[in-house]
Amino acid sequence: MSTPARTARRSNIRGGETASGWLFTAPMIILLGLFLVIPVLMALWVSFSDWNGRGSPFSGTVSFVGLDNYSALVGGGGLAEQDFGTALRNNAWYVLLVVPTQTMLSLLLAVLVNRQILRGRGFFRTAFYFPSVTSSVAITVLWLFLFSASGAVNKLLAFIGVNGPNWFNDPSGVLHNILGAFGVETGPAALTGNTFLGISFWEWLAGPSVAMSAFILMAVFTTSGTFMLLFIAALQNLSGDVVEAAMMDGANGWQRFWRVTLPQLRPTLFTVLTLGLIGAWQVFDQIYTGTQGGPGKTTLTPAYLSYQAAFTNQAWGQGAAIAFILFVIIVAFTLFQRALLAERKVSNRRMRPYLQSPTSGGSK
Amino acid sequence: MSTTVRTRERTVSPSRRLRALGREQLPTRAIAGRSLLYAILIVLAMIYIAPFLIQVATSFKTDGDAASNPMSLLPQTWSTAAYERLFLNSDFPVWFQNSAIVTVFVTLGRVFFNSLAGYALARLHFRGRTVIFALLIAVMSVPGVVLLIPKFLVINQLGIYDTYVAMIVPLLTDAAGVFIMKNFFESIPASVEEQARIDGASTFRVFWSIVLPMARPALVTIIILSFQGSWNELSHFIVATQSPELTTLTKGVASLASGQLSQGTQYPLKLAAAAIMTIPVAVMFFIFQKRIMNTTDGAVKE
């Protein structure tokens, strides 16, 4: 960044920068080291031990058990594996539905609200963003009320003649319910007979439970505002020239959005997807406040299961192991996203001639 | 269908005639489009606002009214029973006080420590700077939920479990905040500081009386983020404390939600608690609204 000459000049003016540099960063290094790096290392040890929460995890009575905690989760055949599989299934459905929905909705809101000639722009932005500033606990309390058996949502559904479910007490899977409506009550033997992580493929395909669906709606409700702001910022940074040029070339609004605006938003789109993925794999507050994993363990998530294993069941090794597996899942998803982003950059360049083709086509 | 026809027409006809055509068509189409846009926006805004209106309305209802008229925005009989119960006959004031204490200290701490470290990483040349920065990036990628058990382990080991120290000190700095400050300091010119340096001011003096006052926009971002973050924090307090005197709002209201302090549903009580808990962040939001809305990336750019 700085040229050698500049660096030399600077170090002449500034003596003793090493000392102040370390002094200035010391609080951060100590705090992050003490409450982030060291704890992670300690937990890594605990995940390989049989510590039961009494005394220090480093005392002589605690012994190294190798990969026992991990193998109990991914192949133990017991309740631990079943719970872990269930939690992964629940959270996977949650991610699968929340991430695309929140991304599309926030993009839609940003595009709608970003018009130059829109009255009440500030009002709409505030309305859409406000849910994002409230705490997850407060929102969950509100959600429990809105989605109670005789709550506002079911009253609203009754208006249009739909008999609403008992949301937070309904463990049935949404996909199973849909199949059930077509008379399919049990899956084929190939699906019910084989299991992965302790639960059958048929159960993996149950979809999110009705209870989890309420949490999915809540996540979309609370996160779309934040991501809308990211999209608005990106939209405002786009130069109007390209869109104007496309307009001149006769592209209609729909074409302009898909072919001109959206490709330019790609970096933001991937930021939103990555942040969304990372957030959606960490569902904890809502479950702790609202359902504690019920009904029928269908809102259990790895994050909550890890907490429960350690703090409630005193299976600290297992709790820590779940946390580390979750960590690996999140890192893997992030890296996957990055790889995808890198690839998109190339294809973006390759697409450029095609994006401009209406111009060349028109002039010919 | 009409659009496809029009597009085909456009590609063959000269562009000038085309534009004239487009202008002629604009009024009716534009009015219809505009009305549709407003209709969609208003419906969406209602969906986003309604839950909060229902929340406030319900907190003033009686239990029976809340159960039988969950959607109405006007209580049949206005009742402040829920608020009286919360403030006069529960631990709610203690929770509020604890949340306030933690939020104030954490916000002050983050403003100071984040800008201090951010300044050093952006401006000071010292050995190990790149290593520190690389570690910071690594630390930033650790998802918070994974730290539940680890944090408890270290807090327990240090013997500070169930104290204000355990609640506050681990939150005093955050990697993302340091990153924001570093980016900000890199974006402002170094010439002013260099002048002061030549005049013989110490590094800390330059930082404190010259750099920090210039960093106001970024500091506001840090204040917003840390206020909101620590006020809404739940998981850290779950693993750092257990005694009722140290319960924060998030922890307390979560325990309300799962049915402590009540028989039956008691929705007005719970919703009143959740509403009060939302007020400080809402106030914060409306004070800094312009900033939050206009400059998501502003901390870095201004």
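Values in this document were obtained by computation on a predicted structure and should not be read as measured data. Every heavy atom of this structure was used, including side-chain atoms; hydrogens, water molecules and symmetry mates were not.
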Portion of Ser68(B) that has a non-hydrogen atom of chain A nearer than 4.5 angstrom:
backbone

So what's closer than 4.5 Å to chain B heavy atoms on Phe124(A): side chain, backbone, both or neither?
side chain

Structural part of Leu249(B) lying under 4.5 Å from a heavy atom of chain A
neither

Under a 4.5 Å heavy-atom cut-off, does chain B meet the side chain of Val46(A), its backbone, both or neither?
side chain

Structural part of Leu147(B) lying under 4.5 Å from a heavy atom of chain A
side chain

With a 3.5 Å distance limit and no angle check, can you tell me whether Trp231(B) reaches the backbone of Ser135(A) through a side-chain donor-acceptor pair?
no

So does Ser136(A) get a backbone contact from the side chain of Asn232(B), meaning a donor-acceptor N/O pair under 3.5 Å?
no

Using a 4.5 angstrom heavy-atom cutoff, name the option from Phe123(A), Phe128(A), Phe58(A) with the most pairs to chain B.
Phe128(A)

For Ile139(A), which atoms come within 4.5 Å of any heavy atom of chain B: side chain, backbone, both, or neither?
side chain

Quick check: under 4.5 Å, non-hydrogen atoms only, which of residues 142-149 of chain A neighbour chain B?
Leu142(A), Leu144(A), Phe145(A), Leu146(A), Ser148(A)

With a 4.5 angstrom heavy-atom cut-off, which part of Ser132(A) approaches chain B: side chain, backbone, both or neither?
backbone

Contact origin within Val283(A) toward chain B - heavy atom pairs under 4.5 Å:
neither

Contacting moiety of Thr126(A), where chain B heavy atoms sit under 4.5 Å:
both

Heavy-atom proximity to chain B below 4.5 Å, by part of Trp254(A)
neither

Could you tell me whether the side chain of Phe130(A) reaches within less than 4.5 Å of the side chain of Thr278(B), counting heavy atoms only?
yes

Proximal component of Leu156(A), with respect to chain B [non-hydrogen, under 4.5 Å]:
both

In terms of heavy-atom proximity below 4.5 Å to chain A, should Ala67(B) be classed as side chain, backbone, both, or neither?
backbone

Cut-off 4.5 Å, heavy atoms of chain A, and the answer for Leu171(B) is neither

What part of Leu41(B) lies closer than 4.5 angstrom to a heavy atom of chain A: side chain, backbone, both or neither?
both

Proximity breakdown for Ile132(B) and chain A, heavy-atom pairs closer than 4.5 Å
side chain

Determine the minimum heavy-atom distance between Tyr48(B) and Leu109(A), stating which atoms define it.
OH-CD1, 3.6 Å

Is there a donor-acceptor contact under 3.5 Å from the side chain of Tyr288(A) to the main chain of Ser235(B)?
no

Using non-hydrogen atoms only, which part of Gln55(B) is less than 4.5 Å away from chain A: side chain, backbone, both, or neither?
both

Proximity breakdown for Leu172(B) and chain A, heavy-atom pairs closer than 4.5 Å
both

Interchain contact, Leu105(A) with chain B, by part (heavy-atom threshold 4.5 Å):
side chain

Is the closest side-chain heavy-atom distance between Phe126(B) and Phe24(A) below 4.5 Å?
no

Turns out that what part of Val178(B) lies under 4.5 Å from chain A's heavy atoms comes down to side chain

How far apart are the closest heavy atoms of Gly144(B) and Gln282(A), and which atoms are they?
N-OE1, 3.2 Å

Sequence neighbours excluded, the answer for side-chain hydrogen bond (donor to acceptor under 3.5 Å, both in side chains) partners of Gln157(B) is Ser56(A)

Under 4.5 Å from a heavy atom of chain A, the part of Ile224(B) involved
neither

Pick one of side chain, backbone, both or neither for Ile47(B), based on which atoms fall under 4.5 Å of a heavy atom in chain A.
backbone

Heaviest contributor of heavy-atom pairs below 4.5 Å to chain B, chosen from Ala320(A), Ala138(A), Gly319(A), Gly151(A), is Ala138(A)

Specify the closest pair of heavy atoms between Pro27(A) and Phe113(B), including all atoms of both residues, with the distance to one decimal.
CB-CD2, 3.3 Å

